[in-house]
There are 2 protein chains.
Amino acid sequence: MARSPLTRTAILDAAAEMVQQHGVQGLTMRGLAAELGTAVTSIYWHVGNRESLLDALVERTLQEMGAIRPGGRTPTDRIVSVARGLRHELRARPHLIAMVHERGLTDQMFLPAQRALVREVHAAGLRGARAAQAVRAVQFQIVGFVLVERNRERAPIQSPAEGELWDTGDHDPAEDPALVRALARPPDPERLFTLSVRALVRSLLAT
Amino acid sequence: MARSPLTRTAILDAAAEMVQQHGVQGLTMRGLAAELGTAVTSIYWHVGNRESLLDALVERTLQEMGAIRPGGRTPTDRIVSVARGLRHELRARPHLIAMVHERGLTDQMFLPAQRALVREVHAAGLRGARAAQAVRAVQFQIVGFVLVERNRERAPIQSPAEGELWDTGDHDPAEDPALVRALARPPDPERLFTLSVRALVRSLLAT
DNA sequence: ACCTGAACACCGTTCAAGT
DNA sequence: ACCTGAACACCGTTCAAGT
């Protein structure tokens, strides 16, 4: 369906589309060629082999991950705001982000955010190694949460429902029906995320 | 090289070995057959296709993830101890655990740990939905941290060293050489992990 | 400089056939 | 019940050849 001459950018566009729709494994060189209406071998001329095509995709994704604009009055609020913004950006292109993670380039992707976090932690009065640790703790938590969230979404129905574990209330029963009910319900990720980040930050910024 | 008759267990053992050594993609049906000294098709007779072989591997990994024995005097200490134990178990078989994650079965794998966490959170005086949230926050943090850690290990050297970002101290300089130095150094994961979990738990258990 | 088809070495999987 | 080789439809990649 492609009439214009084949170009590196066109290839990357089509490849990114395929990855976002069917995952990395859904991107085959032959399928990509078909999508572009060219011979497979033409792709090799423009972008090299599959691996370097994926590398290019990752690089583009890194550049697209824009700057972060924190909102809120207190450092804590601004850190939470950075975290939430980041989570949304990451979740907007899950498959491409997964490729960034797999290549271990998460840190690089997080540099703008890290800068913002350093600013806020500094504003809150932390200095030196202590400040660095706080920044890293928050950073790990944000990325980690999104990764866990993604994994969970792949198997929406957990085989033994989380709730049924607690009806064997024999040994040291947590006879707390509200707790059991809460654990049986699927979590609200957005809420849990905000709550977690806020809890962690509150503790890290405390003297 | 296998002389004994082909058995399902033998296949799973060899497959697990190949996965742990070369990752999931390193497990090919033909390679596995060669390793076992049989025809590829024999494997299909015993375990079905590749996908159900991987499923079986995941199931076995789930069962192997043993119970957790928390240590320490305070609930906080015991939660941290559970977290550390879990991290070690997860890191002992990274590739197999990755498969569990990919299938979204992390929750199921975490059931024994979740039970322990509920106990401690309850002991600390939390009840109902509040307790459930605390448990989940800790759970997400543990798994998330390990996932991030694994990703990081795949690209030991980050292209633009984290430190060099801060020498452009023009706009709002964090003129904090100790902080810059700390961020330039690679983090100590074990330390960062304990610190993070402890910080989060302290905040969650606070009234 | 750009594009092509043919060919190679790999996959997972199926099937009819052996014992 | 268990194992086999041949065959199929897919891969990524290379290469010599076209324009």
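The chains referred to below are lettered A, B, ... by the order of the sequence lines, with proteins before strands, and numbering in each begins at 1.
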- With sequence neighbours left out, write down each residue that passes salt bridge (charged side-chain N to carboxylate O under 4.0 Å, His left out) with Glu89(A), or none if nothing qualifies. none
- Query: salt bridge (Lys or Arg N to Asp or Glu O under 4.0 Å): which pairs involve residues 6-21 of chain A, sequence neighbours left out?
  - Reply: Asp13(A)-Arg60(A)
- Message: Arg30(B): which residues meet the salt bridge (charged side-chain N to carboxylate O under 4.0 Å, His left out) condition with it, sequence neighbours left out?
- Response: none
- Contact string for nucleotides 7-19 of chain C, one letter per nucleotide 5' to 3', B = base within protein heavy-atom range under 4.0 Å, S = sugar-phosphate only, - = neither, reads B---BBBBB----
- Contact residues, residues 7-20 of chain A to DNA chain C [heavy atom, < 4.0 Å]: none
- Message: Identify the stems formed by DNA chain C, where each pair is Watson-Crick or G-U wobble with both distances under 3.5 angstrom and a stem is at least 3 consecutive pairs.
- Response: C:4-8 with D:12-16, C:12-16 with D:4-8
- Task: State which residues pass side-chain contact (heavy atoms from CB on, under 4.5 Å) with His88(B); sequence neighbours excluded, sorted by chain then number.
- Result: Glu190(B)
- Message: Going by the rule ring-ring contact (aromatic ring centres under 6.0 Å, His included), which residues pair with Phe193(A) if we only count those two or more places apart in sequence or in a different chain?
- Response: Phe145(A)
- Residue-phosphate contact under 4.0 Å: Ser42(A) side-chain N/O, dT4(C) OP1/OP2: yes
- To the nearest 0.5 Å, tell me how far His46(A) NE2 sits from Leu6(A) CG. 4.0 Å
- Message: How many whole angstroms separate atom CH2 of Trp45(A) from atom C1' of dC3(C)?
- Response: 10 Å
- Sorted by chain and residue number, the side-chain contact (heavy atoms from CB on, under 4.5 Å) partners of Thr7(B) (sequence neighbours excluded) come out as Thr9(B), Ala10(B)
- Message: Quick test of your reading: applying salt bridge (Lys or Arg N to Asp or Glu O under 4.0 Å), list the pairs with at least one residue in residues 50-59 of chain A, sequence neighbours left out, ordered by first then second residue.
- Response: Glu51(A)-Arg103(A), Asp55(A)-Arg103(A)
- Message: Taking side-chain contact (heavy atoms from CB on, under 4.5 Å) as the definition, give me every residue that meets it alongside Ser81(B), ordered by chain and number, with sequence neighbours left out.
- Response: Pro70(B)
- What residues form a side-chain contact (heavy atoms from CB on, under 4.5 Å) with Ala129(B), not counting sequence neighbours? Ala182(A)
- Message: So, does His46(B) get its side chain near the phosphate of dA1(D), meaning an N or O under 4.0 Å from OP1 or OP2?
- Response: no
